[in-house]
2 protein chains.
Amino acid sequence: MVGTLIVMPVPPHGPPLGLRLARTAKAVSQAFDDALAEVGGSRPAWLILMSLKAGSGASQRHLADTIGIRGATLTQHLTNLEERGLLTRRRDPGNRRVHLVELTAEGEAAFRRMRDAAVAFDRRLHSGLDSEQTDKLEALLDRLRDNVTRDPAPADGRRGPDHDGYRRGANTPSAS
Amino acid sequence: MVGTLIVMPVPPHGPPLGLRLARTAKAVSQAFDDALAEVGGSRPAWLILMSLKAGSGASQRHLADTIGIRGATLTQHLTNLEERGLLTRRRDPGNRRVHLVELTAEGEAAFRRMRDAAVAFDRRLHSGLDSEQTDKLEALLDRLRDNVTRDPAPADGRRGPDHDGYRRGANTPSAS
DNA sequence: TATTGTTATACTCTATAACTATA
DNA sequence: TATAGTTATAGAGTATAACAATA
């Protein structure tokens with residue numbers, strides 16, 4: 001039989017939002033990494049130095065949480081940065097379990113180089129966007145993160161009834 | 001002391017846009033990877049299967065270009081997927097240098113699982129966004145990518161202009 | 001015992017270089 | 001020689017588990 005051709009309500013946007021975001025993020029992240037690499041930096045180094053400058057160096061635990069990595073992972077980056085002379089670690093006399101992380105002069109210089117590179121990058125990233133668009137974009141990005149970070153199944157209504165999607169745990173991992 | 005207090009023009013918004021984007025992308029990518037992992041998938045597997053379904057399987061070279069990885073990298077993913085029984089590789093009788101990549105029935109099933117997971121994820125990602133906002137966001141994301149992918153800085157010759165946004169090596173380390 | 005951090009090890013994704021097999 | 005793909009190896013970033021030091 002000549003079935004009825006079901007015309008999907010074709011979304012006018014080609015690839016799904018998640019994929020677009022991933023692609024954009026990949027391109028932008030790589031460009032950012034390149035920009036940092038140009039001045040001898042890297043993303044973890046930048047995040048760590050920036051967090052230290054921002055006063056998040058109270059403890060490595062706090063620092064790791066701030067930049068979103070595990071303590072053991074942070075240790076490796078810190079070791080690397082220490083070997084490169086960008087920072088020092090010493091025990092907190094007050095609580096000798098805690099290691100105080102401090103930038104050296106060279107670390108400060110490296111921070112400034114990376115900061116300048118990051119600022120230049122950000123300027124490039126902003127090309128052609130007015131502040132209204134930027135605000136809008138940032139708000140949307142925050143919304144995306146919330147959408148995906150919060151509890152997967154909020155009875156938010158509005159947007160699709162079977163909102164659960166996603167939790168079909170026993171679905172044959174099949175391989176791995 | 002008459003010190004002219006230099007007021008920064010605009011401490012625009014908390015963290016710079018690039019960092020916000022990176023954080024959002026990290027959170028969203030992580031959540032997306034988790035969603036795929038729930039159904040036994042992974043991002044490369046998803047990209048490969050999706051590209052194959054979309055007809056990009058003409059050759060591995062084309063496939064690799066489509067998803068933005070190197071041929072050798074693709075080979076490893078394909079080998080993995082083949083071992084898991086999701087696809088087959090056989091030589092093209094017409095040009096025996098070319099390997100034709102085809103999904104098995106199990107590969108089709110895996111594709112559908114991942115697709116469902118991706119769709120559910122995308123629905124979640126869209127929560128609270130109307131289509132106008134979505135369009136706006138996508139346009140802005142495209143803009144960001146363009147800003148950063150196009151010929152960056154005239155002053156520096158290190159990076160070739162002609163590339164498609166994908167990087168070659170890991171980041172130039174040390175250099176300090 | 002609990003907390004802070006390190007060491008050892010491994011996994012994932014990616015890359016380059018050298019190789020095989022076709023053409 | 002040129003093209004398609006593979007193998008071997010490496011490296012960056014991350015993680016977990018076991019450990020040491022300190023409280």
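Letters go in sequence order (proteins before strands), and every chain restarts at 1.
Between the side chain of B:Ser59 and the base of D:dA4, no donor-acceptor pair under 3.5 Å is found.
As rounded to whole Å, 11 Å separates atom P of D:dT6 from atom CG of B:Leu63. Between the CG atom of B:Leu47 and the P atom of C:dT14 there is a distance of 8 Å, given to the nearest Å.
In this pair, A:Trp46 and A:Phe32 present their aromatic rings perpendicular. The plane angle is above 60°, beyond the 30 to 60° band.
Checking D:dT7, D:dA15, C:dT7 against every side-chain atom of B:Thr75, the shortest atom distance belongs to D:dT7.
B:Lys53 has a carboxylate O that lies under 4.0 Å from a charged side-chain N of B:Glu108, or vice versa, which qualifies the two as a salt bridge.
OP1 and OP2 of D:dG13 both lie 4.0 Å or more from every side-chain N or O belonging to A:Arg43. Residue A:Gln76 has no polar side-chain atom (N or O) positioned under 4.0 Å from OP1 or OP2 of D:dA12. Between A:His77 and D:dA12 there is no side-chain N or O to OP1 or OP2 distance below 4.0 Å. Contact between the side-chain N/O atoms of A:Thr73 and the OP1/OP2 oxygens of D:dA15 is found at a separation under 4.0 Å. Here A:His62 does not reach the OP1 or OP2 of C:dT4: none of its side-chain N or O atoms lies under 4.0 Å away.
Applying the salt bridge (Lys or Arg N to Asp or Glu O under 4.0 Å) test to A:Arg145 and every residue at least two apart in sequence or in another chain returns nothing.
Rotation axes derived from the C1' atoms of the five outermost pairs at either end of the helix from C:dT1-D:dA23 to C:dA23-D:dT1 lie 30° apart, to the nearest 10°.
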What's touching nucleotides 20-23 of chain C from the protein side, N or O pairs under 3.5 Å?
residue : atom : partner : partner atom : Å
C:dT22  : OP1  : B:Arg91 : NH1          : 3.4
C:dT22  : OP1  : B:Arg91 : NH2          : 3.3
C:dA23  : OP1  : B:Arg96 : N            : 2.8

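Summarising the geometry of B:Leu144 relative to B:Leu17, their closest heavy-atom pair is CD2-CD2, 4.1 Å, with the distance given to 0.1 Å.
A:Arg89 comes within contact range of the sugar-phosphate backbone alone, with a heavy-atom separation under 4.0 Å but no base atom that close.
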